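Following: one structure in structure tokens, then a few remarks.
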2 protein chains.
Amino acid sequence: MQTTNTTEQQIIEAARKIFMHRGLTGARMQDIADEAGINKAMLHYYYRSKDKLFDIVLTEAVDQMLSRLNAVFSGDLELPEKIRSAVDNYITGISENPFLPLFVLNEINQNPHRIAERFLSAPNFPNIRGFAQQLLEGMEKGTLRKVDPVQLMISIISMCIFPFLAKPLLQAVFTIDDPAFLGFMEERKVFVTEFVLNALRP
Amino acid sequence: MQTTNTTEQQIIEAARKIFMHRGLTGARMQDIADEAGINKAMLHYYYRSKDKLFDIVLTEAVDQMLSRLNAVFSGDLELPEKIRSAVDNYITGISENPFLPLFVLNEINQNPHRIAERFLSAPNFPNIRGFAQQLLEGMEKGTLRKVDPVQLMISIISMCIFPFLAKPLLQAVFTIDDPAFLGFMEERKVFVTEFVLNALRP
DNA sequence: GTCTATATCGGGATAGAC
DNA sequence: GTCTATCCCGATATAGAC
């Protein structure tokens with residue numbers, strides 16, 4: 001039992017890459033085989049069907065997104081620092097895997113029930129209540145302007161994720177290349193943090 | 001030449017519905033024919049191929065999104081009122097066609113070059129400069145906190161669009177049904193407007 | 001213009017040799 | 001475990017009668 005580059009691993013990695021980019025219906029088994037540098041039949045030998053293979057990739061992806069959400073809303077930092085670190089971690093994480101959000105959102109929209117269940121039953125489902133509680137306390141004390149915590153949480157996530165979803169469009173509109181886009185997202189960490197904290201001033 | 005419900009029209013409407021929901025690779029010509037209440041062969045009679053049909057739907061969709069962006073950033077209102085009306089119009093517009101953003105973002109990511117060109121060469125490309133200029137003036141006068149106009153514009157759009165992209169997920173996480181979601185988006189119009197204006201206080 | 005029947009093709013899946 | 005060849009089905013596309 002070798003630790004790296006076993007055939008199963010190669011297949012999963014290839015499948016992840018192709019499925020992420022093309023989606024379930026857009027991906028072809030041949031593409032995955034080519035990407036993995038093996039034969040098409042091997043895919044069926046190790047994983048019985050396209051659906052099975054896809055299921056594994058999707059589960060991994062959902063898990064990964066949940067971990068990120070967790071990172072955003074858990075921990076016991078003070079609010080400003082928590083928001084700063086949340087935005088930072090989130091944008092950094094997605095930068096390493098920029099197709100992940102679109103992939104997950106897509107498949108959720110294709111099959112809401114199946115995936116919603118998977119999210120809710122996940123062991124690492126994020127601790128939303130804790131963050132909301134922390135916000136409410138700040139509002140009671142008067143250090144924060146009163147806003148709906150749910151609206152706020154969704155706004156923070158929106159501002160972090162959306163630019164990745166619309167990346168090619170933004171690049172076209174503002175004529176920026178790939179390195180410049182990364183720079184833009186680095187600046188965005190600061191912008192979003194400042195933006196949110198300023199919006200929450202009483 | 002009748003004004004409504006010509007066969008071409010029925011086909012386009014059906015194609016729009018199916019393509020929006022399933023994407024290019026996920027949609028089947030049979031589904032479109034069923035939806036239009038006609039025979040599969042008719043699709044090829046009026047529009048030569050699946051690709052041709054898809055192209056028409058996509059072009060329409062891109063156009064529609066550009067119009068919305070235009071609505072957000074054009075006009076000659078004062079800034080607070082402009083932002084309020086922009087958010088309102090945008091959320092209302094997408095509510096009527098909630099699959100549009102995911103559809104467009106998807107196909108942009110599948111084929112960045114083709115679609116980016118289409119965006120940029122569109123006659124109704126939004127007047128971004130005007131809005132940015134308006135912001136800069138406010139910042140000079142000291143009525144607005146200084147921020148990067150591009151980051152701001154993307155943030156406003158993010159907060160309006162993202163909830164629609166993640167709708168099934170949000171519904172699962174917060175256990176809200178369809179009517180409640182609409183209510184949530186109504187409240188969001190006010191929230192986003194207030195949020196942005198407060199963030200821009202000097 | 002509208003239908004039925006059919007050709008054609010791509011891609012998922014399996015058989016079987018090695 | 002790995003390969004080649006092949007099966008088989010679903011989906012696009014076309015032919016041709018009416």
Side-chain angles (χ1 to χ4, degrees), chain A residues 1-61 99 103 106-107 109-111 114-115, chain B residues 1-61 99 103 106-107 109-111 114-115:
Chain A
M1 168 180 168
Q2 53 191 121
T3 52
T4 75
N5 267 5
T6 150
T7 307
E8 285 106 313
Q9 283 295 335
Q10 283 176 297
I11 292 175
I12 291 291
E13 275 166 39
R16 190 185 300 125
K17 181 168 175 185
I18 302 295
F19 277 135
M20 287 269 173
H21 199 83
R22 300 287 179 201
L24 170 57
T25 54
R28 278 165 300 193
M29 294 297 266
Q30 185 63 57
D31 295 339
I32 297 175
D34 291 350
E35 178 71 28
I38 56 155
N39 193 282
K40 209 172 40 157
M42 296 296 286
L43 299 179
H44 291 93
Y45 176 76
Y46 282 102
Y47 308 91
R48 235 171 53 89
S49 68
K50 186 183 184 184
D51 278 342
K52 289 269 201 301
L53 192 51
F54 180 78
D55 202 64
I56 293 170
V57 172
L58 178 63
T59 301
E60 265 190 22
F99 282 108
F103 172 74
N106 250 319
E107 302 307 328
N109 272 279
Q110 285 306 314
N111 201 335
R114 188 177 99 199
I115 316 223
Chain B
M1 169 180 168
Q2 54 190 120
T3 53
T4 75
N5 266 5
T6 148
T7 306
E8 286 106 312
Q9 282 294 335
Q10 283 175 299
I11 291 176
I12 290 293
E13 276 167 38
R16 190 185 300 126
K17 181 168 174 183
I18 302 294
F19 278 135
M20 287 268 172
H21 198 82
R22 299 288 178 200
L24 170 57
T25 54
R28 280 165 299 193
M29 294 296 265
Q30 185 62 60
D31 295 340
I32 296 175
D34 291 349
E35 179 70 29
I38 55 153
N39 192 282
K40 214 174 29 162
M42 295 296 286
L43 299 179
H44 290 92
Y45 176 77
Y46 282 102
Y47 308 90
R48 232 172 57 88
S49 68
K50 186 185 184 182
D51 278 343
K52 288 269 200 303
L53 192 49
F54 179 79
D55 202 63
I56 293 170
V57 171
L58 179 63
T59 301
E60 266 191 22
F99 281 107
F103 172 75
N106 250 319
E107 302 307 327
N109 272 279
Q110 286 305 313
N111 202 335
R114 189 177 99 199
I115 317 225

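Reckoned from all heavy atoms, side chains included, excluding hydrogens, waters and symmetry mates. All chains are named by letter (A, B, ...) in the order of the sequence lines, taking the proteins before the strands, and each is independently numbered beginning at 1. Predicted model only: the values in this text are computed from it and were never measured.
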Expressed in angstrom and rounded to an integer, what is the separation of [X] atom [atom1] from [N] atom [atom2]?
X       : N      : atom1 : atom2 : result
B:Asp51 : C:dG10 : CG    : C1'   : 14 Å
B:Lys52 : D:dA13 : NZ    : P     : 10 Å
B:Tyr45 : C:dA5  : OH    : P     : 21 Å
A:Lys50 : C:dA13 : NZ    : P     : 8 Å
B:Leu53 : D:dA11 : CG    : P     : 17 Å
A:Arg48 : C:dA13 : CZ    : C1'   : 10 Å
B:Asp34 : D:dA11 : CG    : P     : 11 Å
B:Leu43 : D:dA11 : CG    : P     : 14 Å

Mind checking [X] for me? I need base, sugar-phosphate or nothing, with any heavy atom below 4.0 Å counting as a touch.
X       : result
B:Met29 : sugar-phosphate
B:Tyr46 : sugar-phosphate
A:Ala27 : sugar-phosphate

What are the two closest non-hydrogen atoms of A:Glu60 and A:Ile12, and how far apart are they?
OE2-CG2, 3.9 Å
Between B:Thr7 and C:dT2, is there a side-chain N or O to OP1/OP2 distance below 4.0 Å?
yes
Examine D:dA13: is either OP1 or OP2 under 4.0 Å from a nitrogen or oxygen in the side chain of B:His44? Give yes or no.
yes
B:Arg28 or A:Gly37: which one's nearest nucleotide on DNA chain D is closer to the 5' end?
A:Gly37
Starting from the 5' end of DNA chain D, give me the residue, A:Glu8 or A:Asn39, whose nearest nucleotide shows up first.
A:Glu8
Between D:dA15, D:dT12, C:dA15, spot the one nearest the side chain of B:Ala41, thanks.
D:dA15
Judged by atom type as modelled, is there a donor-acceptor pair below 3.5 Å linking the side chain of [X] to the main-chain atoms of [Y]?
X       : Y       : result
B:Glu35 : B:Ile11 : no
B:Lys50 : B:Leu24 : yes
B:Tyr47 : B:Glu8  : yes

Between B:Asp34 and B:Gln30, is there a side-chain donor-acceptor contact under 3.5 Å, judged purely by atom types and distance?
yes
